[in-house]
Amino acid sequence: MSSTHPGWFAAATADLPVLLSDHLHCERKAAENALSLVRRYPHRPGSVEALSRLAHEETSHVIQVGALLARRGWVPRADTPNLYARGLLAEVRGREPERLLDSLLVAAFIEARSHERLQLLAEGFAAAGEAELAFFYGALAAAEDRHAEIFLELGRVLVPAADFQARLHALAQREAEIIGALPHAPRVH
Ligand SMILES: [Fe+2]
Ligand SMILES: [Fe+2]
């Protein structure tokens with residue numbers, strides 16, 4: 001995966017209530033996406049348990065982000081369109097099993113990018129002496145890394161290994177283009 005531009009941290013943290021509101025909705029959408037995969041693919045071996053557990057953990061992240069906002073006296077804002085996720089979802093092909101494979105790979109990339117960004121926030125806040133925020137983002141970053149692996153595991157069994165690697169590579173390039181074209185703003189991505 002490509003690395004986030006060094007200028008991103010300053011832009012992302014320029015408005016902390018807005019960043020945290022966006023983050024809250026990212027966690028909510030991660031939970032919803034996991035449950036929507038349960039709705040669409042209940043018959044996939046292991047997926048009901050793995051995805052429901054993931055949704056449960058994402059929901060706990062919504063609660064944690066909401067609690068941090070509340071501790072600081074900030075009210076969550078309404079969600080705004082996420083051009084990053086929208087760009088990636090446009091790459092999902094229409095026929096099965098490609099549709100499921102792409103849905104899982106897109107989810108894996110969003111998790112992996114979230115992991116990278118939350119880790120950057122943890123490191124940046126640690127350097128700035130913001131201990132509460134550094135600890136908060138460090139804990140969430142570790143969870144998102146595990147989530148990316150779960151989606152990759154679910155996708156790996158769907159197609160031959162060479163096809164899986166080719167699609168992973170193609171989507172990695174597309175993901176880098178999409179994230180690289182977006183302006184830096186107070187949002188996770
Ligand atoms: Fe999360
Ligand atoms: Fe996640």
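Counting starts at 1 for both ligands and their atoms, in listed order.
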Spacing of CZ belonging to Arg40 relative to CD belonging to Glu96, to within rounding of 0.5 Å: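 Nearest 0.5 Å value for the CZ-CD distance: 7.5 Å.
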Asp15 side chain to Pro186 backbone, donor-acceptor under 3.5 Å: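 Checking the backbone N and O of Pro186 against the side chain of Asp15, no donor-acceptor pair under 3.5 Å is found.
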Side-chain (His115) to main-chain (Ala141) donor-acceptor, under 3.5 angstrom: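 Looks like yes, one N/O pair under 3.5 Å.
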Proximity of Phe9 and Phe125 rings by center, below 6.0 Å: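 Yes.
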Same apolar cluster (I L V M F W Y, side chains within < 4.5 Å links), Leu171/Ile179: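 As far as the 4.5 Å side-chain criterion goes, Ile179 and Leu171 are connected within one cluster.
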Partners meeting side chain to side chain contact (heavy atoms under 4.5 Å, CB included) with Thr80 (sequence neighbours left out):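 So Thr80 forms a side chain to side chain contact (heavy atoms under 4.5 Å, CB included) with Arg187.
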Atoms named by residue and atom, protein N, O or S, within reach of the Fe ion (ligand 2) (under 2.8 Å):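 Metal shell, protein only: Glu58 OE2, Glu111 OE1, Glu111 OE2, Glu144 OE1, His147 ND1.
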